[in-house]
Amino acid sequence: MGRKLDVLRKEKRGPGRKARKQKGAEVELAKFLPPGKCLCFRIIFCAHTHTHSPHAVTPVRSCSRGTCALHVMVCTQYSHLSNAQGRVTLLFLDSLTASLPAEPPDLHLVHQRIKENVEVLQDFRVKREAGRARQEYLALLRQDLAVYYSYSDFLLKKLMELFPLPELVNFLESNEVPRPMTLRTNTLKTRRRDLAQALINRGVNLDPLGKWSKTGLVVYDSSVPIGATPEYLAGHYMLQGASSLLPVMALAPQENERILDMCCAPGGKTSYIAQLMKNTGVILANDSSAERLRSVVGNLHRLGVTNAVLSHCDGRQFPKVLGGFDRVLLDAPCSGTGVISKDPAVKTNKDERDILRCAHLQKELILSAIDSVNAASETGGYIVYCTCSIMVEENEWVVDYALKKRNVRLVPTGLDFGKEGFTRFKDRRFHPSLKSTQRFYPHTHNMDGFFIAKLKKFSNAIPKMQKDEESTVETASSASAPEVAAEPQLKRKKLERLKVTMGQKKQQQPPSKGGSVQRHKRPSPRRLGTRPPARKQHRVHRNRQ
């Protein structure tokens with residue numbers, strides 16, 4: 001039975017039985033394929049050596065892996081495809097058998113080798129082996145880390161540039177453990193003491209988050225689902241990471257202010273801002289994704305927020321829509337290298353292009369956020385920029401770019417803990433005030449990796465580019481688009497030539513009929529009763545003729 005044809009259209013309506021079996025075989029064999037390998041099937045016809053045993057098959061060509069478990073599994077699974085002549089069609093994956101290692105690596109030995117290499121690299125002059133360079137140790141260490149922790153080589157290079165080696169291992173270990181579950185008390189409806197007592201009565205083991213937070217609670221274990229308790233459905237708390245509380249605390253919103261949350265989904269920071277403002281003033285919660293705004297609507301209704309207005313707009317074009325805000329919070333989209341414990345796919349699916357693409361988008365968003373703030377605000381004029389990434393390209397580089405392009409300066413965030421931002425990284429030198437930015441790491445603060453910078457806008461005017469910057473921009477534009485830049489230059493040359501020729505023609509034309517043209521002109525009010533000097537020259541010239 002093959003694929004059936006439509007009687008009227010004479011077209012195949014869909015896959016038949018054979019195609020479905022073929023697809024099923026590919027799906028089953030793909031489970032045994034290592035990541036990154038393509039499916040490459042070859043149909044091999046095998047003949048039965050024993051007619052009474054349907055599973056005994058002999059490959060046509062010699063196969064070194066004919067007795068492996070995978071080969072036996074394939075032969076057993078597809079033995080029902082035998083025909084009357086005692087033949088069986090076997091789908092065999094050459095690329096799989098060629099790429100499978102003979103023995104899996106011993107992770108215990110790999111981990112031991114990582115420790116030894118880190119110890120040697122810490123005191124390389126004393127503990128190194130004779131005749132071996134430091135680069136060899138680093139290459140072996142990077143290879144072992146990629147095998148043991150399943151990171152891509154690109155990301156490991158970036159992390160090795162960012163952390164010292166002992167701290168790097170601690171960072172990788174911390175990403176293998178999930179962060180503790182935290183929740184934020186909604187003070188619009190209850191107090192933290194009452195909420196903690198209610199959850200303890202339901203069998204939840206929790207503690208206050210820390211001295212730096214007055215609303216946070218950390219949950220160790222629970223006999224009931226935290227996201228389905230009556231208190232959660234009533235809007236008494238919000239499930240929110242500890243690191244996402246910090247940007248709102250740095251923003252420090254005041255009552256009766258106009259605040260913009262440029263990337264608001266899923267609404268945790270927006271509801272925290274409304275909680276600190278006590279439902280006064282106006283909060284404009286914006287997000288470029290209409291689907292993610294649904295979760296924002298649900299959370300704001302559940303938490304009892306009444307001073308928020310939602311908008312669906314591209315943040316890069318927001319100053320053209322509305323401006324004059326007292327404060328702006330920009331939680332920019334990023335590569336997510338600080339939340340690897342939540343999304344392990346970041347270990348392998350990020351490359352240099354992804355990092356630079358995020359950095360370009362973040363530069364556009366931070367300029368848009370600065371343009372949306374009113375520098376003349378009596379209580380505000382602040383912008384808080386934050387990401388859940390630890391890459392310098394997405395953090396210090398973006399803030400340093402904003403300092404050059406707009407009239408802003410960095411101010412302290414007001415947070416008591418966290419590490420200082422970088423003022424120099426490899427061959428890059430940033431503004432010295434970037435020390436006031438703060439970084440948070442999972443292995444030091446037991447929260448997601450985060451970066452926070454607070455900016456103060458002191459002028460609404462946009463500074464002009466300096467000569468050096470203009471020359472660099474011109475060279476970059478000419479190098480990127482030489483054909484486009486050549487057209488206006490040709491037009492300018494043509495216009496100059498036309499002006500020169502027109503001037504020459506005017507000079508060559510002889511004065512005809514004296515000053516007849518000027519006789520019809522009206523004299524200017526300043527020269528009433530006097531003759532213009534040109535008229536005298538024309539009369540003298542006519543008398544001479």
Side-chain angles (χ1 to χ4, degrees), residues 178-259 261 264-285 287 292-310 327 329 331 342 384 386 414-417 445-448 450:
R179 303 276 76 76
M181 181 185 297
T182 57
L183 51 90
R184 174 181 56 82
T185 308
N186 183 19
T187 56
L188 295 175
K189 292 189 174 183
T190 185
R191 296 184 301 176
R192 184 169 70 168
R193 182 188 305 172
D194 299 337
L195 175 63
Q197 188 61 43
L199 292 178
I200 289 172
N201 295 336
R202 295 189 182 278
V204 181
N205 185 13
L206 50 81
D207 274 332
L209 182 57
K211 295 181 179 179
W212 54 271
S213 176
K214 298 180 180 180
T215 59
L217 293 170
V218 56
V219 178
Y220 300 111
D221 56 5
S222 174
S223 58
V224 294
I226 297 297
T229 61
E231 288 79 12
Y232 177 82
L233 298 176
H236 290 183
Y237 64 90
M238 173 80 178
L239 290 174
Q240 193 170 356
S243 58
S244 63
L245 303 177
L246 302 175
V248 182
M249 296 174 62
L251 186 66
Q254 305 297 320
E255 296 183 15
N256 299 313
E257 283 187 338
R258 297 177 70 237
I259 295 180
D261 189 357
C264 65
K269 299 180 181 66
T270 306
S271 58
Y272 193 16
I273 294 172
Q275 172 179 322
L276 295 178
M277 295 174 66
K278 299 180 181 178
N279 264 340
T280 61
V282 177
I283 303 173
L284 185 57
D287 202 274
R292 300 189 69 189
L293 281 174
R294 299 177 182 176
S295 60
V296 180
V297 173
N299 285 324
L300 295 184
H301 280 298
R302 181 175 58 84
L303 296 169
V305 176
T306 58
N307 64 338
V309 179
L310 269 65
R327 300 170 194 260
L329 174 62
D331 186 6
K342 294 181 180 178
V384 170
C386 60
L415 302 173
D416 299 333
F417 64 103
H445 307 101
N446 199 18
M447 60 178 65
D448 295 328
F450 225 75

Candidate pair L276 and L251, rule side-chain contact (heavy atoms from CB on, under 4.5 Å), full reasoning: CA-CA 11 Å; L276 295 178; L251 186 66; over 6 Å; no
Derivation and outcome, side-chain contact (heavy atoms from CB on, under 4.5 Å), residues D287 and V296: CA-CA 10 Å; D287 202 274; V296 180; 5.9 Å; no
Steps toward side-chain contact (heavy atoms from CB on, under 4.5 Å) verdict (L415, W212): CA-CA 8 Å; L415 302 173; W212 54 271; over 6 Å; no
Criterion side-chain contact (heavy atoms from CB on, under 4.5 Å) on L310 and L300, from CA distance to verdict: CA-CA 10 Å; L310 269 65; L300 295 184; 3.6 Å; yes
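Ion pairing of K269 with D331 is present here, as a side-chain N (NZ or NE/NH1/NH2) and a carboxylate O approach within less than 4.0 Å.
Legend: residues meeting side-chain contact (heavy atoms from CB on, under 4.5 Å) with M181, ordered by chain and number and at least two apart, are V219, I226, L239. Taking the side-chain contact (heavy atoms from CB on, under 4.5 Å) definition, one finds that T215 meets it with R184, T185, T187, S213, Y272, Q275, sequence neighbours left out.
Across every non-hydrogen atom of P208 and L217, the tightest pair is CA-CD2, 3.9 Å. In this structure, E255 and M277 approach most closely via the heavy-atom pair CG-O, 3.6 Å. Here the shortest heavy-atom pairing between C386 and L329 reads SG-CD1, 4.4 Å.
Taken from CG in L284 to CG in N307, the straight-line distance is 11.5 Å, to the nearest 0.5 Å.
Each salt bridge (Lys or Arg N to Asp or Glu O under 4.0 Å) pair with one or both residues in residues 221-247, not counting sequence neighbours, appears once here: R202-E231.
Taking the ring axis of Y237 as reference, the NZ or CZ atom of R192 does not stay both within 45° of it and closer than 6.0 Å to the ring centre.
Surrounding CG of N201 are more than 12 heavy atoms belonging to other residues, nucleotides or ligands, all under 6.0 Å away.
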